[in-house]
There are 2 protein chains.
Amino acid sequence: MTFDAIDQKLLQLLQNDSKQTNKELSNALNLSVTAVFERIKKLENNGVINKYVALVKKEKVDKSFVAFCHIKLSQHIQEYVVQFEKEVTNLTEVLECHHISGDYDYILKVVVKDMEAFREFMVEKLTNINHIGSTHSMFVISEVKSTTAIPI
Amino acid sequence: MTFDAIDQKLLQLLQNDSKQTNKELSNALNLSVTAVFERIKKLENNGVINKYVALVKKEKVDKSFVAFCHIKLSQHIQEYVVQFEKEVTNLTEVLECHHISGDYDYILKVVVKDMEAFREFMVEKLTNINHIGSTHSMFVISEVKSTTAIPI
DNA sequence: AACTAAAACTGAAAATTTTTCCTTTATGAC
DNA sequence: GTCATAAAGGAAAAATTTTCAGTTTTAGTT
């Protein structure tokens with residue numbers, strides 16, 4: 001699909017606050033409520049808007065510790081790759097897993113309570129997955145920026 | 001604040017789909033609509049729920065290229081740190097910036113159109129920021145898992 | 001320039017949801 | 001048992017979403 005300037009603005013607004021009413025959006029965009037409604041539905045139907053979610057502040061739910069883990073597989077057999085990706089996806093502590101270029105195969109973003117919980121996660125969950133060759137972890141000292149808003 | 005099992009379930013539900021009506025949530029939780037409403041308001045007021053956002057599929061807005069950039073500052077003077085963090089925060093292509101332990105000072109998640117756009121981003125924006133010592137980029141080959149839902 | 005079809009817009013009405021208000025229930029302290 | 005507090009439920013009110021019918025705009029064709 002194709003976006004005009006209004007769609008772009010609308011996506012920006014919704015990426016920052018999806019609880020705005022169509023009336024508020026219609027004011028911001030100088031459109032009628034119905035026009036806003038229809039544009040949003042179109043963006044949803046075309047899969048541009050994927051889902052709507054509540055973002056939880058991790059400190060408030062006692063998950064303040066964030067780490068990035070690099071992982072290398074022992075061998076790059078397809079079977080191993082598929083199994084690793086499946087198992088890592090099932091770990092709720094792993095918010096993100098990306099297959100990347102470079103020295104390591106994957107980078108994971110892991111969220112847990114504290115360093116001790118991270119140790120447990122590594123020992124009991126992550127390294128229990130088969131075919132992991134080596135890992136290298138980096139700990140987040142402070143979160144400088146974190147947004148879900150894709151530039152549009 | 002303190003969470004009971006219902007709050008936890010509620011947060012899980014809202015982290016996965018914030019567009020569910022209170023009636024749907026009340027069914028899932030075996031509660032009245034009002035009770036759900038009040039629990040949500042409490043979670044919002046206590047800052048547990050930070051915001052509600054629309055998640056956009058990056059492929060649909062022509063931002064399919066994701067890279068992680070490691071950055072080392074030339075010197076760790078506070079002034080340099082503050083300035084770097086401020087400037088990097090203003091770059092819309094940078095969705096995340098974390099100050100981390102390890103060989104590098106920061107890790108960034110960058111979203112752009114393609115490799116060519118990434119090159120431009122590096123040359124014209126990122127390395128224009130003062131006090132950057134060195135960088136090292138890793139490109140995402142495939143996104144194995146990506147969620148905003150913190151385990152609760 | 002006039003015509004047509006499609007897309008986008010508008011305002012009003014209908015349907016649904018959110019929010020308020022008041023009553024009831026459960027829990028723990030005295 | 002009584003009181004105080006917190007959580008829950010139901011019903012009504014307020015607000016929002018969604019539908020609908022009709023109009024305007026746009027783009028392409030003749």
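Every chain is numbered from 1, with letters handed out A, B, ... down the list of sequences. When reading the values below, keep in mind they use all heavy atoms of this one structure, side chains included, and skip hydrogens, waters and symmetry mates. Just so you know, these numbers come straight off a predicted model, no measurement behind them.
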If you look at every strand shown and take non-hydrogen atoms under 4.0 Å, does A/Ala35 touch a base, only sugar-phosphate, or nothing? base
Pair B/Phe84 + B/His131: ring centers closer than 6.0 Å: no
For C/dA8, take OP1 and OP2 only and decide whether either is under 4.0 Å from a side-chain N or O of A/Lys42. yes
Nearest-Å distance for atom pair CG/P, residues B/Leu14 and C/dT18: 11 Å
B/Ser32 has its side chain closest, among C/dT10, D/dG9, C/dT19, to D/dG9
Length of the line joining A/Leu25:CG and C/dC9:P, which is rounded to integer Å: 14 Å
Find the distance B/Phe3:CZ to D/dA7:P and express it as a whole number of Å. 13 Å
Rounded interatomic separation in angstrom, taking CG from A/Asp7 and C1' from C/dA7: 13 Å
A/Tyr52 and B/Gln20: side chain donor to acceptor below 3.5 Å: no
Which whole-number value in Å describes the distance from B/Met1 CE to D/dA6 P? 13 Å
In terms of side-chain heavy atoms of A/Phe37, which of D/dG10, C/dT19, D/dT19 is nearest? D/dT19
Separation of C/dA8 atom P from A/Ile40 atom CD1, nearest Å, is 15 Å
N/O donor-acceptor pair, side chain A/Thr34 with base D/dT18, under 3.5 angstrom: no
Using the ring centroid of each side chain, check whether A/Phe139 and A/Phe68 are separated by less than 6.0 Å. no
If I take atom CG in residue A/Asp4 and atom C1' in nucleotide D/dA27, what distance separates them, rounded to the nearest angstrom? 15 Å
Candidate nucleotides C/dT20, C/dA8, C/dT17, ranked by approach to the side chain of A/Arg39 - the nearest: C/dA8
Regarding B/Thr21, tell me which of base, sugar-phosphate or nothing describes its non-hydrogen contacts under 4.0 Å with the strands shown. sugar-phosphate
Exercise: identify the closest heavy-atom pair between A/Asp7 and A/Phe3: OD2-CA, 3.8 Å
Kindly say if B/Asn22 contacts the phosphate of C/dT17, meaning a side-chain N or O under 4.0 Å from OP1 or OP2. no
Can you tell me the distance, in whole Å, between the NZ atom of B/Lys41 and the P atom of C/dT17? 16 Å
Along DNA chain D (nearest heavy atom to each residue), the more 5'-positioned of A/Lys23 and A/Glu38: A/Lys23
Do A/Gln83 and A/Glu87 pass the side-chain hydrogen bond (donor to acceptor under 3.5 Å, both in side chains) test, and can you show the C-alpha distance, the side-chain angles, and the key distance before you say yes or no? CA-CA 6 Å; A/Gln83 203 191 333; A/Glu87 292 191 31; 2.7 Å; yes
